[in-house]
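To keep things clear, I will list the structure first and then write my remarks on it.
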Amino acid sequence: MTSVLPSTDLATDLTGRRIVTEVPGPRSLALHERRLAAVPVGVSSMLPVYIARAHGAVVEDVDGNRFIDLGAGIGVTTIGHTDEAVVAAARAQLGDFLHTLFTITPYESYVRVAELVAERTPGSFAKKTVLVNSGAEAVENGVKIARKATGRRAVAVLEHAYHGRTNLTMAMNYKASPYGLGFGPFAGDVHHAPSSYPYRDGLTGAEAAARTIGHLEKHIGAEDLAILVVEPIQGEGGFQTPADGYLPALQRWANEHGVVIAADEIQSGMGRTGAWFASDHFGFEPDLVFFAKGVAGGLPLAGVTGRAEIMDAAQPGGLGGTFGGNPVAAAAAVAVIERIEEQGLLAEGRRIEATLRPALEDLQRDFPVIGDVRGIGAMLAIELVQPGTKEPYPAAVATVSAYAGQHGVLLLTAGTWGNVLRFLPSLAITDEQLLDAVSVIREGLATLP
Ligand SMILES: *Cc1c(COP(=O)(O)O)cnc(C)c1O
């Protein structure tokens, strides 16, 4: 682990937005034509500009246009694109070995990731970790493990949830379109319970939890429920942030009834919210934590960390997979976690919120189309509604996000009704870049009728 990347290889000259062609430009359009012939339409792209280089919070396309990246590949490059320590760790591993398969002949970095994540997930109990390739695969494994540990059948999730695109996780998603439509039949025994969505339900945490629990007891029965999976802050659903007390009340109920309670922290975890895991903000100690997206700086890695006695329920050979915990991805993950610690990057999530939230609240004062500003740390969102109502206004989101793309800002959408703009910048974004991006969003909002 000695080779250090010469910094001239990193695109450190990328510091701000710069638009030099139409967006998409001619080279992107030419690539897009090839792509349309070669890649199915089911794999869509929000903005078909083809990326050539990236660093920190800026990406550059093949036409030389530069974009301030408010999405970080959906919260993956959490510590910034091409962080030099992460790139160096991956490069060093590339020269040592690329693959052995941990279930044939193991290696240290897998174990190190397991130790580092266990120390940082909520709860001081003994924990173990299995590494896999994708978020959906982590969710699948969490459900397998919980069923084996409890001997029970049913799976419960919350309204507005998103958990992935595999067969089981399609059944766990709230939104049929586009994630499930036409792809059934789906896995059985997956049940959707009401969530906490303070902007729309007006309930306290205790009231919302009573509603969720009442639904689970009536609809499934605690004694048949293996696992309840919740996103502490919902991702694709629109960054719904539960009312205080909601998650601890679900936890108490689950603990009392022998139900495994799992936090899907795939989008909200790994330093995204100014804490290691969003659960930390709510006093929530889940039995299992699912992580993926931000853990390895852009390389594919995911996992389940949880109570040792639950994790050990699966028989030898019952967990694993060819690429799970790939050595390069695991080396990158160790570097990401050490980097967050050494550079105090959790504070950057709080700094981003301190800059971005007031800027978004200013926008809300000027544009009544913004119904709600919510989220924590570098995971904030605005929900757009028809002014004076709470009626979702997805056309406004589409307009503002398209305007942003044209003017050098990558801005992601979300929400059950497609009416949420979400901000998931990397922790490397500067206040100047953030405020510049907000000024573009202000212009975009001003174009609304
Ligand atoms: C992205 C996401 C997933 C699925 O992860 P993949 O790596 O895309 O399979 C699951 N849950 C949440 C909360 C996510 O944001």
Side-chain angles (χ1 to χ4, degrees), residues 42-46 71-78 121 130-144 155-175 178-180 183 187 190 192 195-197 227-242 247 261-273 277-279 282 284 286 288-305 321 323-326 329 332-333 336 375-381 412-416 420 422-425:
V43 188
S44 58
S45 293
M46 181 187 83
I74 314 197
V76 168
T77 55
T78 300
T121 43
V130 57
L131 296 181
V132 292
N133 303 292
S134 71
E137 208 187 340
V139 177
E140 294 255 358
N141 277 279
V143 171
K144 270 170 66 170
V155 175
V157 292
L158 298 180
E159 287 174 359
H160 310 290
Y162 177 80
H163 297 293
R165 283 184 168 89
T166 56
N167 186 261
L168 173 62
T169 55
M170 281 193 293
M172 295 170 72
N173 296 337
Y174 185 64
K175 246 168 111 164
Y179 307 122
F183 298 143
V190 176
H192 296 252
S195 58
S196 170
Y197 191 162
I227 184 169
L228 169 60
V229 182
V230 303
E231 295 160 86
I233 299 176
Q234 293 185 308
E236 307 304 296
F239 289 17
Q240 289 89 326
T241 309
L247 294 171
I261 187 160
D264 180 343
E265 292 256 19
I266 288 167
Q267 194 158 152
S268 59
M270 301 310 304
R272 170 58 47 199
T273 63
F277 291 90
S279 295
F282 302 102
F284 177 38
L288 304 181
V289 173
F290 308 153
F291 59 93
K293 292 194 164 87
V295 66
L299 288 166
L301 189 74
V304 180
T305 293
F323 291 118
N326 169 270
V336 165
I376 302 178
M379 186 172 187
L380 301 181
L412 305 184
T413 64
T416 291
V420 173
R422 60 174 146 172
F423 300 82
L424 278 172

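Ligands are counted one by one from 1 in listed order, and the atoms in each one are counted from 1 as well.
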For this session: Check whether the side chains of Gln240 and Ser195 place a donor and an acceptor atom closer than 3.5 Å, and report yes or no.
Result: no

Problem set entry | Between Ser279 and Glu265, a side-chain donor and acceptor under 3.5 Å | yes

Under 3.5 Å: N or O atoms of ligand 1 paired with protein N or O:
residue: ligand 1; atom: 7 (O); partner: Gly135; partner atom: N; Å: 2.7
residue: ligand 1; atom: 9 (O); partner: Gly135; partner atom: N; Å: 3.3
residue: ligand 1; atom: 9 (O); partner: Ala136; partner atom: N; Å: 2.8
residue: ligand 1; atom: 11 (N); partner: Tyr162; partner atom: O; Å: 3.3
residue: ligand 1; atom: 11 (N); partner: Asp264; partner atom: OD1; Å: 3.4
residue: ligand 1; atom: 11 (N); partner: Asp264; partner atom: OD2; Å: 2.7
residue: ligand 1; atom: 15 (O); partner: Gln267; partner atom: NE2; Å: 2.8
residue: ligand 1; atom: 15 (O); partner: Lys293; partner atom: NZ; Å: 2.6

Looking at [Y], is its backbone amide N or carbonyl O close enough to the side chain of [X] to form a donor-acceptor pair, meaning the two atoms are under 3.5 Å apart?
X: Arg422; Y: Gly238; answer: no
X: Gln234; Y: Glu159; answer: yes
X: Lys175; Y: Gly415; answer: yes

Exercise. Parallel under 30°, tilted from 30 to 60°, perpendicular over 60°: which one fits the rings of His192 and Tyr174?
Worked result: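 It falls in the tilted class, 30° to 60°.
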
